[in-house]
Number of protein chains: 2
Amino acid sequence: MKAKARTKVSDVASRAGVSVATVSRSFNNPDAVREDVRRRVMEAAQALGYSPNPAAKALRMQRTHIVGAVVPTLDYAIYAQMLNSFQAAMQASGYMVFMLAAGFDNTSLYEPVRQLVDRGAEGLLIVGKIEDPRLLKFLEDGRIPTVLTYSYLPDGPFPSIGFDNYAATRQLADFLVRLGHKHMVMISGRTRGNDRQQARVRAFREAAAEAGIAKTTHVIERPYSLLEGAAAMRTIYVEHPATTAVMCASDVLAFGVLSECKNLRLNVPKDLTVTGFDNQDFTALLDPPLTTVDVPALEMGRRSGEALLNVINTRRKIGSVRLETNLIVRASAAGVRADERR
Amino acid sequence: MKAKARTKVSDVASRAGVSVATVSRSFNNPDAVREDVRRRVMEAAQALGYSPNPAAKALRMQRTHIVGAVVPTLDYAIYAQMLNSFQAAMQASGYMVFMLAAGFDNTSLYEPVRQLVDRGAEGLLIVGKIEDPRLLKFLEDGRIPTVLTYSYLPDGPFPSIGFDNYAATRQLADFLVRLGHKHMVMISGRTRGNDRQQARVRAFREAAAEAGIAKTTHVIERPYSLLEGAAAMRTIYVEHPATTAVMCASDVLAFGVLSECKNLRLNVPKDLTVTGFDNQDFTALLDPPLTTVDVPALEMGRRSGEALLNVINTRRKIGSVRLETNLIVRASAAGVRADERR
DNA sequence: CTGAAAGCGCTTACAG
DNA sequence: CTGAAAGCGCTTACAG
């Protein structure tokens, strides 16, 4: 068993009794071909199951119609959704996408991204701020069309389609402060090479500082996972027993926390307020339903696709877009009991 | 701003003072080049940041080193995990992957898969049995290396790396029968064009038939989603009030069922036994922890990658691989109370 | 061990 | 409106 030879322009040309130039024109510039000739060509192509060789086409046109998408992981609903809608947008415009799961740390992205470009990616979608100077230089020197997403970064060298991680987190933290919480812990994701997490931690700390409760608030850094959320909750229970609110940087961490609260016989929200981030579908069905922040994953993916196409086609600098987030208040967050207002 | 011209073999050649043939050989057949010459070439390439044009290489070699992966959706942990490990395996061997989310119905896969091949995919990974005759003919006529996954299909035209959906479901159903359940409902995913779901439904029905309880068992078909699981549970509560066990074809459906049970004041497992499928990480943290079936997603992805590489490189027919699943018994499943053993 | 040349399958400027 | 020919950037059989 061996690969069958693909039919090529010359096959179609001889079957239709025309030159290869005419076959090519029939596909790419149909108006330049007499109608009956074009029809004959198309019939021949159809009969032979012809489709142009993408490598030959790419070599000749200097366009691969491939882009690369760099996400932290596929195994997290927000990124999967984003990628789904990005992919759909690109495919609708005739682009294919190479997907790369590169982890959450953006400080050593050069090698993997370089590989994407070497393999033909004409443009790139990258989640978060680029923290790797080599990569930055490579993209700028090579003038590689690049769009960042997830973070809104209006001052950077590349357009970004994202939301304000600081503002969204700050809104939630301020909300908890107003509910009377003075002993709060934030469970953040890994902050190394991750501007989104850094912004969230900063928002939490500054909210606490401005409320005058910096001394009674803490940040615990953990990888995103259910089990890590649960483990972090046990740590909080032991090391910060006065805590009345736990703010998680992701719904998955919060799910773990909620589950551990059951083991610890802590009632949420009576004994403890818990919040998440992302508004994943399961949050509404947790017990109690989770207060969280709605993030426009599908819209980010779609609009990032449009933006990237724009940059690729026009080669012009375009502006960043700041998408809205929404605080979703559900039963897992409530005010502090009078006797806890120390 | 315009794209910068990429450096090409001839640039490296002139900088190193050799012919393009020698540059090419230095990369692809280093032993055929004198050591000092090769070093000079490599230094020149390094200095210029050279990497071979993939389109030119693909055209000349008639190899794109691209494969396509067709999954139902990215937004479901099992497929995301599978794709992650498939991708890693392919990348390790120098292959890039075009990803395609094509939905759960395999009866009209021809167009999207054809696009993958037209865009250069040399081989394909497809989740589940192919139910589209046009696609089958296209793949067989074109001798396109193809590996199926998720389903174990030893008798089909393509090798498969998957598990026995019938056996896994049957094991679970028989387990519930032994616990004394006589009024069972299965919430299955959509069965149209989906051999995995069909096998699971068949396993459930045959288990019930052999236990002599076919008349008191039912199947409800719903899309995979939390909310659909919850909605299905309300339907069961109203239309099949005698039900003592609900078998869900996915953990996500079961999560929805569990959540709805809380609203309905049904205690699981005292009033109702609930089971899932896939052993997603959250199942252990549900309240109560969910009885489910562990599916080897990562192993499927990795081994499918190895199998596909094997077919691409050797062009030989290879055998299918049947992976093991494990019944994970947790608190959500228990025997029927004496007064319910009607 | 090295180089000149052919050719992979396209598209398009040029000539008619 | 159509065709002959050049050329995109590689690799490799061939000659030396």
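Computed from a predicted structure; not experimentally measured. All chains are named by letter (A, B, ...) in the order of the sequence lines, taking the proteins before the strands, and each is independently numbered beginning at 1.
Within residues 35-44 of chain B, no residue has any heavy atom under 4.0 Å from DNA chain D. Non-hydrogen atoms lying under 4.0 Å from DNA chain D are contributed by B:Y50, B:P52, B:N53, all within residues 45-53 of chain B. Near DNA chain D, defined here as any heavy-atom distance below 4.0 Å, there are no residues from residues 111-123 of chain B. Applying a 4.0 Å cut-off to non-hydrogen atoms, the residues of residues 23-34 of chain B that approach DNA chain C are B:R25, B:A32, B:V33, B:R34, listed by residue number.
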In a table with atom names and distances, give each donor-acceptor pair under 3.5 Å that connects a side chain of residues 89-104 of chain A to protein atoms at least two apart or in another chain.
{"unit_1": "A:Q91", "atom_1": "NE2", "unit_2": "B:Q115", "atom_2": "OE1", "d": "3.1"}
{"unit_1": "A:Y95", "atom_1": "OH", "unit_2": "A:R63", "atom_2": "NH2", "d": "2.4"}

What side-chain donor-acceptor pairs closer than 3.5 Å can you find for residues 296-303 of chain A, not counting sequence neighbours?
{"unit_1": "A:E299", "atom_1": "OE2", "unit_2": "A:R303", "atom_2": "NH1", "d": "3.2"}
{"unit_1": "A:R302", "atom_1": "NH1", "unit_2": "A:E306", "atom_2": "OE2", "d": "3.2"}

Show the atom names and distances, to 0.1 Å, of all donor-acceptor pairs under 3.5 Å that link a side chain in residues 147-157 of chain B to residues at least two apart or in another chain.
{"unit_1": "B:T149", "atom_1": "OG1", "unit_2": "B:I161", "atom_2": "O", "d": "2.8"}
{"unit_1": "B:T149", "atom_1": "OG1", "unit_2": "B:S304", "atom_2": "OG", "d": "3.2"}
{"unit_1": "B:Y150", "atom_1": "OH", "unit_2": "B:D278", "atom_2": "OD1", "d": "3.4"}
{"unit_1": "B:S151", "atom_1": "OG", "unit_2": "B:D195", "atom_2": "OD1", "d": "3.4"}
{"unit_1": "B:S151", "atom_1": "OG", "unit_2": "B:D195", "atom_2": "OD2", "d": "2.6"}

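Between B:T22 and B:L59, the one whose closest nucleotide on DNA chain C sits nearer the 5' end is B:T22.
Judged purely by atom type and a 3.5 angstrom limit, A:N28 has no side-chain atom pairing as donor or acceptor with the backbone of A:R25. The backbone N or O of A:V20 lies less than 3.5 Å from no partner atom in the side chain of A:S24, so there is not a single donor-acceptor pair. Under the 3.5 Å distance criterion, the side-chain polar atoms of B:R114 are left unmatched by any main-chain donor or acceptor of B:L135. A donor-acceptor contact shorter than 3.5 Å is absent between the side chain of B:N106 and the backbone of B:I130. Between the side chain of B:T73 and the main chain of B:D75, a donor-acceptor pair closer than 3.5 Å is present. Judged purely by atom type and a 3.5 angstrom limit, B:D132 uses its side chain to pair as donor or acceptor with the backbone of B:L109. When atom types are taken as modelled, the side chain of A:R119 and the backbone of B:H65 share a donor-acceptor pair closer than 3.5 angstrom.
With sequence neighbours excluded, the residues forming a salt bridge (Lys or Arg N to Asp or Glu O under 4.0 Å) with A:R322 are A:D164, A:E324, listed by chain and number. Evaluation of the salt bridge (Lys or Arg N to Asp or Glu O under 4.0 Å) rule for A:R15 yields no partner, not counting sequence neighbours. For A:D31, the salt bridge (Lys or Arg N to Asp or Glu O under 4.0 Å) test picks out no residue, with sequence neighbours left out.
Shortest non-hydrogen contact noted between A:Q198 and A:G193 is NE2-N, 3.8 Å. B:V127 and B:M82 make their closest contact through CG2-CE, 3.8 Å (heavy atoms, listed as atom of the first residue, atom of the second, distance).
Salt bridge status for B:D36 with B:R34: present, with a side-chain N to carboxylate O gap under 4.0 Å.
When only modelled atom types and interatomic distance are considered, A:T64 and A:E122 share a side-chain donor-acceptor pair under 3.5 Å.
For DNA chain D, the outermost nucleotides in 5' to 3' order that have an atom under 4.0 Å from a heavy atom of chain A are D:dC1 to D:dG9.
Taking a pair as Watson-Crick or G-U wobble with both distances under 3.5 Å, DNA chain D forms stems of 3 or more consecutive pairs at C:1-3 with D:14-16, C:5-12 with D:5-12, C:14-16 with D:1-3.
One C1' atom belongs to D:dG16, the other to D:dT12, and the distance between them is 16 Å to the nearest Å.
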